Amino acid sequence: MSAAQKKPLLKVESLSIGFSQYVKGTQKRLIRPIADMHVDIDEGEVVAVVGASGSGKSLLAHAVLGILPGNAICGGSMVYKGEELTQKRKEQLRGREISFIPQSVNYLDPLMRVGRQVQIGLDKKTAQEEQEKLFAQYDLKKSDGRLFPFELSGGMLRRVMFATSVREGVKLVIADEPTPGIHPQALSEILRQLKQFAKEGAGVMLITHDIVSALDIADRVAVIKDGTTVEISEAAAFEGKGERLKTEYTQRLWRALPQNDFDLEFTGRAGEIQCL
Ligand SMILES: Nc1ncnc2c1ncn2[C@@H]1O[C@H](COP(=O)(O)OP(=O)(O)O)[C@@H](O)[C@H]1O
Ligand SMILES: [Mg+2]
């Protein structure tokens, strides 16, 4: 997409998130896992948010969705489609224009048939028909709808989550590590689907610690470290020795990947960002 066509969808600036916690019964203290984080997404764009475990990726997602726990104290600004994204607006948009693919398949109710779970929130009269259409779209059989989560494979559960979360009218998809522990074919299918949303004009925030897979579909990559945005760069800058990357930190992160095979003290398992 050329610069002239760019349409900002979401802009998060100077985000900070703290939690007040009780210590020793009555004393309160504040911890601040997120400070000065920023990220922005245009319509039709996939922005990967990458960072080690504990760097604050899920908190960012939950802040945009308005689902932080009650003791969270939030600062900074969020603008969605040119207007401030207030808590009230987040609640109105969540599950409609803004959809969330949570990090864990445990978000599904273990005691409810999956077809029924997908019907939640749909117009009662047409819910079943609509759910069956979604199942077909996500390559699930009609009979799968009668199954409980434990009867489905990991890849199928992921697709059920897509059907529950991502429906018509969605403008912003926030996918929180949608790909851990699934086999490569299901992985590429999920990435393909996310890219498809972007092609249809939605913005996609793809949260992951798997930078290599993210680069398959990302237009830009935001690198997060210790609750702060270190750098946002074009995905194309992640090539060669990373000369076009802006910070030394990101360059080292890039060079630490197995296919770039140096700087080994920087990484652990294949392709995963370890504590950076
Ligand atoms: N409800 C909470 N109360 C206190 N600290 C929290 C809470 N949720 C997350 N944190 C802390 O915030 C940091 C970032 O968490 P998270 O966003 O889940 O990381 P990531 O998704 O990148 O693995 C972690 O250090 C975590 O312990
Ligand atoms: Mg997380």
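Ligands are counted one by one from 1 in listed order, and the atoms in each one are counted from 1 as well. Because the structure is a prediction, the values reported are computed rather than measured.
Using a 3.5 Å distance cut-off with no hydrogens or angles, the side chains of D216 and S213 do not pair a donor with an acceptor. Counted by atom type alone, E231 and S233 present one or more donor-acceptor pairs between their side chains at under 3.5 Å. Remark: the T208 side chain and the E177 side chain contain no N/O donor-acceptor pair separated by less than 3.5 Å.
In this structure, M156 CE and M161 CE are separated by 14.5 Å, a value rounded to the nearest 0.5 Å. Note that OG1 of T229 and CD1 of I34 are 8.5 Å apart. Values are rounded to the nearest 0.5 Å. Distance check: E129 CD to K133 NZ gives 6.0 Å after rounding to the nearest 0.5 Å. With values rounded to the nearest 0.5 angstrom, K6 atom NZ is found 5.0 Å from D42 atom CG.
When only non-hydrogen protein atoms are considered, atom 18 (O) of ligand 1 lies nearest to S58 CB, 3.7 Å. At the shortest separation from atom 17 (O) of ligand 1 among protein heavy atoms lies L59 N, 2.9 Å. Atom 4 (C) of ligand 1 has F19 CD1, 3.4 Å as its closest protein atom, hydrogens excluded (heavy atom only).
For ligand 1, the atoms closer than 4.0 angstrom to any heavy atom of S53 are 23 (O). Interface of Q21 with ligand 1, defined as ligand atoms under 4.0 Å from a residue heavy atom, comprises 4 (C). Proximity to P69 (heavy-atom distance under 4.0 Å) selects the following atoms of ligand 1: 1 (N). Of all the atoms in ligand 1, the ones that sit under 4.0 Å from a non-hydrogen atom of G56 are 14 (C), 16 (P), 17 (O), 19 (O), 20 (P), 22 (O).
Counting heavy atoms under 4.0 Å from ligand 1, residue E177 does not touch it at all. Contact annotation: for A52 versus ligand 1, heavy atoms closer than 4.0 Å belong to the backbone alone.
Between P33 and ligand 1, no pair of N/O atoms sits closer than 3.5 Å. Residue G54 has at least one N or O atom closer than 3.5 Å to an N or O atom of ligand 1. Below 3.5 Å of separation, one finds an N or O of K57 facing an N or O of ligand 1. Between I31 and ligand 1, a contact under 3.5 Å exists for no N or O pair.
Closer than 4.0 Å to atom 8 (N) of ligand 1 lies at least one heavy atom of the protein. Distance check on atom 26 (C) of ligand 1: every protein heavy atom falls at or beyond the 4.0 Å cut-off.
For L134 against A163, the heavy-atom pair with the smallest separation is CD1-O, 3.6 Å. The two residues A48 and A218 make their nearest non-hydrogen contact at CB-CB, 3.9 Å.
Under the 4.0 angstrom criterion for non-hydrogen atoms, S55 is in contact with ligand 1. Within the 4.0 Å heavy-atom shell around ligand 1 one does not find A61. H209 does not count as a contact of ligand 1, since none of its heavy atoms falls under 4.0 Å from the ligand.
Checking K11, K7, E97 one by one against K81, the side-chain contact (heavy atoms from CB on, under 4.5 Å) holds for a single residue, E97. Just one residue in the list D176, T164, L194 forms a side-chain contact (heavy atoms from CB on, under 4.5 Å) with I101, and that residue is L194.
One of the N, O or S atoms belonging to S58 lies under 2.8 Å away from the Mg ion (ligand 2).
Atom NZ of K246 has more than 12 heavy atoms from other residues, nucleotides or ligands within 6.0 Å.
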